Structures are given as structure tokens and as C-alpha cells.
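Protein chains get the first letters and strands the later ones, always in sequence-line order, with residue 1 at the start of each. Remember, it's a predicted structure, so these values are computed and weren't measured experimentally.
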Protein chains: 2
Amino acid sequence: MVTLAEVAKRARVTAATVSNVLRNREKVKPETVERVLAAINELGYRPNLNARALAEGRSPTLALMLSNITNPFYPEFVLAAERAARKAGFFLMVCNTDDNADIGRAYLNQIAGTLAEGMLVMNTDIEINELCVSAMNNAPILLAMWEHPEAPPALPCVAVEFAKAGALAARHLLELGHRKIGMLVGDGSGGLQDARHDGFAAEVARAGLRIDAAAVMRTRDSIDAGYAACVQLMAAQPDLTAIFATNDLMAIGAVQALITLGRVVPNDVSVIGITDIQLARQVHPPLTTVAIDTTAIAELSVTCLIEQIERPRQPPKMVIAPPPVLIVRASTRAPARG
Amino acid sequence: MVTLAEVAKRARVTAATVSNVLRNREKVKPETVERVLAAINELGYRPNLNARALAEGRSPTLALMLSNITNPFYPEFVLAAERAARKAGFFLMVCNTDDNADIGRAYLNQIAGTLAEGMLVMNTDIEINELCVSAMNNAPILLAMWEHPEAPPALPCVAVEFAKAGALAARHLLELGHRKIGMLVGDGSGGLQDARHDGFAAEVARAGLRIDAAAVMRTRDSIDAGYAACVQLMAAQPDLTAIFATNDLMAIGAVQALITLGRVVPNDVSVIGITDIQLARQVHPPLTTVAIDTTAIAELSVTCLIEQIERPRQPPKMVIAPPPVLIVRASTRAPARG
DNA sequence: CTGAAAGCGCTAACAT
DNA sequence: ATGTTAGCGCTTTCAG
């Protein structure tokens with residue numbers, strides 16, 4: 001490994017000067033800069049980031065902790081977060097907890113405050129309180145997708161108005177004329193997707209209607225689970241004309257299930273989801289959904305975390321993400337007459 | 001930040017002893033161990049991994065570089081690699097190059113040999129030669145999915161017998177009785193999926209048949225691109241009874257396209273892919289495909305990389321992944337008579 | 001079994 | 001404008 005000292009020797013200066021060349025473009029004579037740069041090149045020198053982090057007392061990396069990268073929503077988020085981090089001069093280290101709180105804790109203990117300067121946390125099975133303790137002892141932690149804007153947590157966060165998303169979905173279905181609506185409520189790591197459910201139900205209530213409790217299925221947040229739940233749901237409530245899923249994955253599963261059951265989507269049954277993951281556009285029929293601005297959330301998260309890093313010990317701040325937007329595609333339409 | 005020294009002070013020993021407690025379970029008197037552990041606990045001490053890495057001259061992390069985490073294949077690989085790395089006591093740092101060779105180079109320069117002890121490289125736009133140079137100067141690099149087992153590269157790698165996968169797909173289609181077969185050949189980052197194409201073509205030739213060059217479409221490796229290419233293909237060659245895609249994503253896109261075109265899958269047209277990503281099971285109809293053992297490849301990659309790290313300067317070794325396996329689902333069947 | 005001391009590669013005052 | 005000097009927090013001989 002080529003070190004600073006070797007470069008310095010070759011350029012006939014001291015380590016300090018090389019270090020200066022490496023950051024301050026000023027205060028070193030152009031001629032010397034030249035010589036140092038040449039030495040760096042000839043030797044193929046690369047700074048040791050560990051040593052630098054140790055000396056500087058900070059490291060140029062951010063961590064992103066998520067429960068399972070295999071959920072198609074996360075890669076989209078990771079991509080956006082990584083871009084934002086890079087733009088700000090940080091690496092992004094993805095920590096997959098594999099749906100295991102212990103692994104999450106291990107990451108928290110080991111990484112936060114040493115390998116990474118701060119941590120973005122998506123839904124994990126770790127309690128907020130526990131996260132707070134980590135945040136106290138180590139690096140700042142930001143909740144990247146807080147589902148309850150009305151109740152700011154004790155940690156900085158980016159809040160997403162999921163209740164509003166649910167309401168938009170409800171309004172769309174109601175305006176189309178649907179009255180018999182089933183619900184698939186997701187239970188991913190991070191708990192039930194309550195806000196979405198409640199927002200939907202509230203909007204329905206506002207229209208003077210209500211959802212039959214028997215038409216609400218709680219299930220894991222995945223295509224497979226959505227499929228299975230939908231099959232069950234349609235068996236129990238065969239006259240539903242529309243299904244709202246709190247997440248695109250379940251919605252996509254529901255569409256598959258309906259097709260298998262011989263129901264035409266959207267002619268016989270409409271389906272709407274939340275998130276607008278890429279896949280929502282790519283399935284057939286393309287899914288009507290309420291879009292969450294993943295990119296914006298990722299960027300806000302990174303920005304806020306960096307802010308926390310630069311100005312620590314601030315009171316936790318909650319930032320609200322751009323509001324959700326209804327995206328009408330081909331999986332919803334007015335119910336058939338009769 | 002709590003340091004070793006503070007722990008030492010509190011436990012009335014020196015840093016060296018604390019350090020010993022932290023690794024050697026022996027050579028420290030149980031009584032002292034007790035005291036040290038207590039101090040660690042009371043103070044909430046967490047070792048600084050940068051300092052440790054600097055002192056030890058190595059760091060407990062592996063890097064995985066890939067072109068775009070948004071391609072659904074990668075998350076599955078990441079998950080498996082992360083598990084394998086964790087089992088071996090390493091963190092896994094995911095580096096997304098965003099399909100940009102310059103970003104890839106930046107990661108290579110910065111990370112390899114300092115933040116990470118070695119790097120797993122999936123298809124990226126960086127040339128092997130360039131990687132070799134990095135491998136020389138810095139940490140070991142392993143090609144995690146080499147497509148040409150017959151031509152070992154200058155770097156250690158895990159090779160996947162994609163030609164065999166293509167051949168299996170061909171045999172399946174031929175055995176079903178298909179003769180008019182179209183092909184969607186992917187052109188992801190990392191170049192054309194030649195081996196798969198060639199393996200397929202060779203098997204067809206062995207049966208005394210051949211694929212019409214006009215029935216071969218080259219396109220980007222994604223659902224959307226597969227959709228578009230399939231639409232084009234069916235317009236040009238309306239009498240195809242089967243489509244082979246070198247990748248599940250394109251195959252899934254093709255299925256969607258066929259449905260849109262009013263062709264029933266598999267009754268009118270059969271579709272087969274390669275890889276067996278999760279989604280292949282979750283679409284409707286479930287996709288027949290040739291499975292690549294992603295988990296095994298990830299585990300082998302991690303194992304081999306660690307081997308390289310522990311015994312550097314070995315001649316590059318090529319490990320062959322378990323052979324591909326045909327998975328028959330519902331997207332293929334014998335062609336209709338006439 | 002424990003302590004003292006050197007050093008990993010780099011940065012950041014402070015001198016010159 | 002450049003050199004000197006001290007660490008950053010930890011590991012690791014080497015003594016005692």
C-alpha cells in the first residue's frame with residue numbers, strides 16, 4: 001500500500017504538504033502541487049479512508065438500514081438515496097436486516113458512529129426508543145418514512161401522508177361509483193399500515209358509507225400474500241366490485257388472483273394500490289395507484305440526515321414529504337350496472 | 001464517544017488488557033474480565049471500527065458493486081451475499097454504479113483496499129483490464145457472475161453456465177414441438193447475453209433446425225424493453241409459437257405484450273426465460289424458466305473472495321456455479337395444431 | 001496475567 | 001509556502 005509519506009518523499013515535501021494538496025487547492029505553490037500530483041500518479045497513491053476518518057473524527061459514509069432489500073420498493077429508494085448521498089459527497093452503505101431485529105441492533109451498534117456518520121432507518125422491527133438510545137450514544141438516526149405526520153416521533157424523520165394516500169384511493173373508487181369495496185391491509189415489518197387504512201376508511205365514512213369489517217383482510221405485504229388474501233376475500237365476499245390494497249405489491253397479487261378466479265380487471269373488479277412502484281406500470285393491466293414520491297423522500301431523508309450530522313443536538317425535526325398523487329391506470333373503472 | 005482508554009481507566013487496567021478481553025477469551029484473569037466487561041457495559045462502549053481497521057490493517061467489510069439495484073435480480077443476490085458475508089463476520093457494502101462506469105471507478109478507487117477488504121463485481125461497464133489494475137494495487141476483486149466458463153478471465157470468478165441454460169430452454173421448447181421460435185436477447189450493462197443465445201442456438205442446430213435471424217431481437221434487459229421488443233417481434237413474425245428470452249425480465253414483458261396483443265399464453269404462444277427471479281413465480285401465468293441458483297452463486301462468490309483475501313497473490317481461480325435447472329410452469333405448452 | 005510503548009496513515013494546529 | 005509535531009482509537013509486540 002502506498003502511503004502519504006511515500007508520496008511526500010518522492011515529491012520532496014512533507015506529508016502535511018501532500019495532505020494540503022489533496023484538499024486545499026490554495027496555500028501550496030503551483031509548482032509543488034505539480035510535483036505532488038505527479039508523485040501521486042506515478043505511485044498510484046490512494047488515500048486510506050480509515051486513517052482519514054480516524055484523524056478527522058468523521059467518515060464520509062451514510063448507512064441505510066432496511067428490513068429486506070427484496071421488497072421491490074426498497075431498491076427504488078436505495079437508488080435515489082445513493083444518488084443523493086453521492087451528490088453530497090457521501091457513500092451509502094446498505095444494511096439489510098433480513099427482517100431480524102437482532103441483526104438490526106448489531107448494525108446499529110457497530111456501524112452507527114464509526115463506519116457511518118449517520119443512519120437512515122426504514123421500517124425495521126426495532127423500537128423507536130431503542131433507536132433513540134443509539135442516537136444518543138452514537139451517530140444521528142433519521143426515520144426515513146414515518147407514517148404518522150400527526151404524531152412526530154422523538155427522532156428526526158421524513159413523514160409521508162399515508163392517510164391522505166388512503167383518502168385519495170377511497171375518493172377515486174367512490175367517484176367511480178363503487179360501494180362494495182374490499183380491503184387488503186399490509187403488515188410489513190414496521191407494523192400495520194394503519195394510516196393508509198384509516199385514511200381510506202375516514203373518506204368512505206365521509207361519504208356516508210362504511211366498509212364491512214368482514215371485507216378487510218390483514219396480511220403480509222407481498223405479492224404472494226396479496227394473492228392469497230384476495231382469493232380468501234373473494235370467497236367470503238363474492239360481490240365486491242373493488243379492492244383497495246394498502247400497498248402495490250398486494251394490489252398486484254390481488255390482480256393476479258382475480259384473473260385466476262376468472263374475474264376480469266377492471267371490468268368485474270377494480271383494484272387500486274399505494275406507492276407506485278415501477279412494477280405497477282409494468283403489470284397487465286397497469287395498476288391504478290396512489291403515488292408516493294420515493295425519490296423526493298429519499299432526497300429529503302439524506303438532506304435532513306446530513307443536516308443533523310453537521311448540526312448535532314438539534315431538536316428532532318419532522319419534514320413532510322410531497323403529498324401523494326392519484327395515478328389512474330387501467331386497473332380501475334366504474335362498476336358494471338346491476 | 002467512549003474510548004478504550006476510558007474503559008481501561010474505569011476497570012483499573014490498561015488499554016491493552018481491555019483489548020485482550022475484547023478478543024482473546026484466554027490470558028486475562030476471569031476476575032479482571034469481569035471488571036472490564038462491567039466497565040464496557042456501564043460506559044456503553046463501542047469499538048471504533050475505523051481505528052481498529054487502521055491498527056489491524058484490514059477491515060471487516062466486503063463491497064459488492066452492481067450496475068443498478070433496481071433490476072430485480074440484484075436484490076436477491078444482495079440478500080444472499082449479505083447473509084453469507086455476515087456469517088463469515090463481514091459487513092457487506094453495496095455500491096450502486098447507476099450504470100455509470102465513472103461512478104464504478106470512483107468506488108473502486110476509494111473503497112477497494114481501504115473501506116472494504118475486497119470487492120465482488122457484478123456486470124458493470126468497467127473493462128476487465130481496468131479491474132485487474134485495481135486488483136493489483138488494492139484489494140482483491142472477484143467477478144461474481146462470469147458468463148464464459150470456457151474462457152477463464154484474469155481475475156478470480158464464479159462462472160455460470162449460461163450456455164447450458166440456453167440449451168435447456170431450447171430443448172424444452174423443441175420437445176414441446178415448437179419450431180417457429182422467436183428470441184429476445186438482452187443487452188444489459190455488462191454486454192450482450194451471448195452465451196445464453198449461443199447455447200440456445202446450438203441446441204436448436206443440433207436438432208437440425210435453425211432460428212430465423214429475423215426472429216431475433218436484441219434489446220435492453222428489462223420488462224419494458226421486453227414488452228416493446230415482443231410487440232415488434234410479433235408484428236414482424238406473427239406466426240411464432242414460442243419466445244425465448246435470455247432473461248426473465250424480458251420474458252415477463254413479452255408475456256404482458258402477448259396478452260395485450262390478444263394472444264393467449266401459453267395456448268397461442270409459449271414464453272420461457274432464464275434466471276428464475278422471484279417475480280417469475282408471481283406473474284400470471286407463472287413463468288417457465290431456467291433457474292440460476294442465485295443463492296449458491298452469491299455464497300460461492302463471498303467464500304472465494306474471502307479466500308482471496310486470506311491468501312492473496314494466488315493465481316486467479318474460477319469456480320463453476322451449480323448447473324442451471326429447467327423449471328416448468330404455466331407459460332409454455334405444446335403448440336396448437338395447424 | 002498485565003502494563004508500557006510503538007505505530008497504523010492521516011489531519012491539523014502551530015512554527016518557521 | 002512548507003515543515004514539525006501531536007494526536008485520532010486501537011492493536012500488538014515486548015517487558016515485567
Side-chain angles (χ1 to χ4, degrees), chain A residues 1-37 39-40 43-61 109-117 137-139, chain B residues 1-37 39-40 43-61 109-117 137-139:
Chain A
M1 160 170 270
V2 185
T3 71
L4 241 204
E6 304 178 45
V7 173
K9 193 167 155 194
R10 172 152 195 145
R12 282 169 290 122
V13 293
T14 70
T17 302
V18 178
S19 184
N20 277 329
V21 171
L22 252 38
R23 51 205 70 257
N24 288 307
R25 293 310 262 148
E26 19 257 288
K27 89 188 255 191
V28 175
K29 185 160 47 168
E31 193 184 307
T32 316
V33 171
E34 202 79 351
R35 255 195 355 265
V36 169
L37 257 25
I40 287 178
L43 263 33
Y45 167 76
R46 301 277 167 267
N48 180 320
L49 299 190
N50 279 309
R52 181 176 286 177
L54 183 59
E56 284 186 328
R58 61 201 168 76
S59 90
T61 118
N109 279 333
Q110 303 253 53
I111 292 193
T114 155
L115 288 194
E117 209 51 24
N137 297 335
N138 302 298
Chain B
M1 162 170 266
V2 185
T3 70
L4 241 203
E6 304 177 44
V7 173
K9 193 166 155 197
R10 173 155 195 140
R12 282 171 289 123
V13 293
T14 70
T17 303
V18 179
S19 183
N20 276 330
V21 171
L22 252 36
R23 51 205 67 259
N24 288 308
R25 294 310 262 146
E26 17 260 288
K27 88 189 259 191
V28 175
K29 186 162 42 164
E31 194 184 305
T32 314
V33 171
E34 203 77 354
R35 251 189 6 259
V36 169
L37 257 23
I40 287 178
L43 263 32
Y45 167 75
R46 301 278 169 265
N48 179 319
L49 299 191
N50 280 308
R52 181 176 285 177
L54 183 59
E56 285 186 326
R58 59 202 169 75
S59 90
T61 118
N109 280 333
Q110 304 254 53
I111 292 192
T114 156
L115 288 193
E117 209 52 25
N137 297 336
N138 303 297

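Here the P atom of nucleotide D/dG9 and the CG atom of B/Leu43 are 14 Å apart, to the nearest Å. Note: CZ (A/Arg35) to C1' (D/dT2) measures 11 Å, nearest angstrom.
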* Asked: In the 5'-to-3' direction, what one-character label does each nucleotide of nucleotides 8-14 of chain C receive under the scheme B = base within less than 4.0 Å of a protein heavy atom, S = sugar-phosphate only, - = no such atom?
  -> BBBBB--
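Contact check, B/Thr32 against C/dT2: a side-chain N or O comes under 4.0 Å of OP1 or OP2. In this structure, A/Thr14 does not reach the D/dT4 phosphate: none of its side-chain N or O atoms is under 4.0 Å from OP1 or OP2.
In the displayed structure, A/Glu34 atom CD is contacted under 6.0 Å by at most 12 heavy atoms of other residues, nucleotides or ligands. For B/Arg58, the CZ atom counts as loosely surrounded, since its 6.0 Å shell holds 12 or fewer non-hydrogen atoms of other residues, nucleotides or ligands.
A rotation axis mapping the C1' atoms of four pairs onto the next four is fitted at both ends of the helix from C/dC1-D/dG16 to C/dT16-D/dA1 over five pairs, and the angle between these axes is 40° to 10 degrees.
Nearest heavy-atom pair across A/Ser59 and A/Ala116 is OG-CA, 3.9 Å. Closest approach of A/Pro47 and A/Arg52 over heavy atoms only: CB-NH2, 3.5 Å.
A heavy-atom distance below 4.5 Å is found between the side chains of B/Leu22 and B/Ile40.
Here the CD-CG distance, from B/Glu56 to A/Asn50, works out to 10.5 Å after rounding to the nearest 0.5 Å.
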Under 3.5 Å, sequence neighbours excluded: what are the donor-acceptor pairs made by side chains of residues 4-15 of chain B?
residue : atom : partner : partner atom : Å
B/Glu6  : OE2  : B/Thr3  : N            : 3.3
B/Arg10 : NE   : B/Glu42 : OE1          : 2.7
B/Arg10 : NH2  : B/Glu42 : OE1          : 2.6
B/Thr14 : OG1  : B/Ala16 : N            : 3.4

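A donor-acceptor pair under 3.5 Å is formed between the side chain of B/Thr114 and the backbone N or O of A/Leu49.
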